[in-house]
Amino acid sequence: MDAKFLKFFILISSIFFSSFAFTPQDNYLINCGSSTSTVVVDKRDFLGDSSNNASDYLSKGKSISLANPNPVSVSSVLYTTARLFTSASSYTFKIKNTGTHLVRLHFSPFVSNNYDLKNGDFTVMANGFSILSRFVANFTVVKEFFMMVEKVELEIMFTPSSDSNFAYVNAIEVFSVPQDFFVDAGGVALISPDGIQEFRQNISTLILETVHRINVGGSKLTPFNDSLWRTWIPDEDFLVLKSAAKVARTFDPPNYQPGGATRENAPDNVYMTAQQMNVANGSLNFLFNITWDFPVSREGDDTMHFVRLHFCDIVSVALNTLYFNIYINGIIAYKDVDLSALAFHELASPYYIDFVVKNTKDSGFERISIGPSDLSNTLRKNAILNGVEIMKVLDSVPLKRRPKKNSVWILVGSVLCGFFALSLAILTSLAILKCCKRKSKPKTKRPDSGGWTFLRVYGSSSRDTGSDGNALASPGPYGYYDLKIPFTDIKLATKDFDKNLIVGSGGFGMVYKGVLKDNILVAVKRGMPGSRQGLPEFHTEITVLSKIRHHHLVSLVGYCEEQSEMILVYEYMEKGTLRNHLYGSDLPPLSWNQRLEICIGAARGLHYLHTGSAQGIIHRDIKSTNILLDETYVAKVADFGLSKSGPCLNETHVSTGVKGSFGYLDPEYYRRQQLTDKSDVYSFGVVLFEVLCARPAIDPLLTRDQVNLAEWAMEWQKKGMIEQIVDPQLVGSIKPNSLKKFGETAEKCLADYGVDRPTMGDVLWNLEHAYQLQTNERPRERDDTGAPGVVTGVNLSRIGVDSVEGISDISTSRVFSQLITNEGR
Ligand SMILES: *[C@@H]1O[C@H](CO)[C@@H](O)[C@H](O)[C@H]1NC(C)=O
Ligand SMILES: *[C@@H]1O[C@H](CO)[C@@H](O)[C@H](O)[C@H]1NC(C)=O
Ligand SMILES: *[C@@H]1O[C@H](CO)[C@@H](O)[C@H](O)[C@H]1NC(C)=O
Ligand SMILES: *[C@@H]1O[C@H](CO)[C@@H](O)[C@H](O)[C@H]1NC(C)=O
Ligand SMILES: *[C@@H]1O[C@H](CO)[C@@H](O)[C@H](O)[C@H]1NC(C)=O
Ligand SMILES: *[C@@H]1O[C@H](CO)[C@@H](O)[C@H](O)[C@H]1NC(C)=O
């Protein structure tokens, strides 16, 4: 679809949807103690519970109606009456739509009939769960709760304490919220003083009490302005340092995307304002956070809060320029937030991120900070926040059965929300992985064989091929003399980092095309100048790549670590990423033979990585953008070490890994946090289907069953109808046997359990077979799959990549530390 038309379509559909405000299926609005129905400011009609119509709801107990003797003083017409209970009494509401409901109780004390409502002291239960206990209100208080209602009715019971002998309420609202309001798929991060973990319960089962609802950077929003009739208040009073923040505002309505946040998550006005970093014009001082302290009750160590942060990038002029970090109570809760990627590659597209936060007894507030990420361009660092909701976790409803989703678009929405929830889960798992890997895992054959070892990455000196490879002395930057390139040469090669030479950008920084002195075409990857973030990954990449050379691995030409620069120089890959040749560009489609050759090449590179050194290296980030093509379409695997490993898997790694790999990630890897080379095999299987179907691993714009390529393709493959989803460009050109072999190979790669997946060697063999079935020929260069060589970087000519293949050096085997599986297979 043409982009302009798509925009137009989105505009039309947003107008279409905005004209249909949310209508809850269950919607009970009770004006307690009143005999008439009352229309309030937000135009809703509250039924008097003394009228015949509403008295049905009052199911048991003793109560009387009270009228405020001073009705002009109250803030809402609802507060001119109240119902007072002298014994345990309840309202019962019939529930048509089981699922999450919002319960809002209004208390506005007055004196009437010798009762001073300020003295009311009571407990409120909802379907047996205590939501208010020993509750007293000295002034008008509105209490709001979210809870799953699984039964056909909801009973709200008021029980006076023996001290006061009465309970009361002025108004009750009970209504259903959209099914995808809380999304369970995947998981949510649990932030506690000990760090970040996965929160193991489903959010939808929690009973939540609203504590704060903030329109950051904006004004107060009343129920009139909100489709769930909520009140949002400004954030200024919670800012720790007001001068750190500057209001950002737009007058354009938000660009809602399917799968992102909806108007029911927060109204337009929340997404149209934000606080951003207040950086003086021209100043480059970005070394600060914006911090808010939100008071919360101190009730022991186990108090938990659900925190939902709302975002909408209304500050950037272009995509992929805003990256920031979120801290909760001083703990990094989400690093390198990339709204462009999260919010479906659209600016001003609303999105929210959920957390569960466990408090310490003594803090008394929830501290939320946002600050710039090292990923962002130095000249444009920023951080934003549009809205905050903090809800106290009261209890959880044991689920009896799953509520039925009753319309397709809700399903799609929830699945897509689940998509980011799942990303969070992965992030969390990776964080857990970080914590766990220090401990030796039980039930492994060898003490250090949990998939990880803890040797420093910069192992043996690369200068001396023959010397003791086990030496762990860190060579520092001096260990790789021969690959060092002076900064001045790199400046020259890239015309002083000319913007016009930028060929890409990644988590690490910009990539420039350059020409070295000896006319060698290179790709220059430059870390953010001055930032030492990613230093371990930088060294890993140098260590790994300077010692491993293979025709199907992108080779390192050199590096520079001068003047606080971290620069890696690679051979230039003329044709760019495999993905670009599959979809999303104007490049001519690749033929089936070409695709097979590329897959075979990449499989060779990976096979070599897994088996080439004594212990093997796991790539961990196989995807179609990490398979590059040279001018003759020879495939080379790229980007190892940098975004994956290092002596300590720090958070940079975690979040970039998560972003980059979603849709390719081995389900077993995040289930069991055990990384094996079979995780690469899984990812490679996804790439195979990507090659066959010419579509992304995750495409949120497709219908639910198609969003995830691995699932969708597997369905067709299992039905034996894989030909139905082949890239239309290929239809008719693939021989059935070749397709069958290819489909089976991909299917095996995607087996749920690593043990059931083939090795890369098997995959390679099968792909070669598929090639033979297509062409009746053996594929090219079949001889380099046997005993691959590992060489040290020292004596390499900077271009003679192929010439050094096959030279073996066992001394490097210890160098790869974390990248290594100890099992050696
Ligand atoms: C009771 O319901 C009837 C119709 O269902 C409506 O006409 C009437 O106004 C209602 N009474 C009150 C007090 O809301
Ligand atoms: C309400 O007022 C009573 C007496 O004036 C006081 O003891 C109590 O702490 C107040 N409660 C709140 C919640 O302010
Ligand atoms: C959470 O919900 C999912 C469905 O969304 C369900 O499969 C899972 O069993 C639930 N987990 C718990 C702990 O209730
Ligand atoms: C919110 O609603 C009030 C009416 O209650 C209206 O006057 C005001 O303009 C609205 N504010 C915004 C920001 O839409
Ligand atoms: C900031 O500087 C830019 C260019 O230097 C200028 O165009 C802009 O008006 C300045 N903004 C403010 C608020 O001073
Ligand atoms: C932002 O806050 C976090 C958590 O308190 C802290 O670790 C980090 O150093 C702060 N960043 C800056 C730039 O002050």
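Indexing begins at 1, ligand by ligand and atom by atom, following the structure's order.
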Q: Just checking, any donor-acceptor pair under 3.5 angstrom between side chains of Y323 and D374?
A: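 Side-chain D/A pair, Y323 to D374: absent.
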Q: Would you confirm whether D496, through its side chain, and K491, through its main-chain N or O, come within 3.5 Å as a donor-acceptor pair?
A: no
Q: Taking 4.0 angstrom as the limit, do E236 and K242 come out as a salt bridge?
A: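 No, E236 and K242 are not salt-bridged.
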Q: Any idea which residues sit under 4.0 Å from ligand 6, heavy-atom distances?
A: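 Residues near ligand 6: L287, F288, N289, Y327, G330.
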Q: Within the 3.5 Å criterion, strictly below it, is a donor on H310 or E389 matched to an acceptor on the partner's side chain?
A: yes
Q: Partners of K513 by side-chain contact (heavy atoms from CB on, under 4.5 Å), sequence neighbours excluded?
A: V503, L521, Y572
Q: Checking side chain to side chain donor-acceptor pair (under 3.5 Å) for the pair S396/Q201: CA distance, chi angles, key distance, verdict?
A: CA-CA 9 Å; S396 75; Q201 263 173 292; 2.9 Å; yes
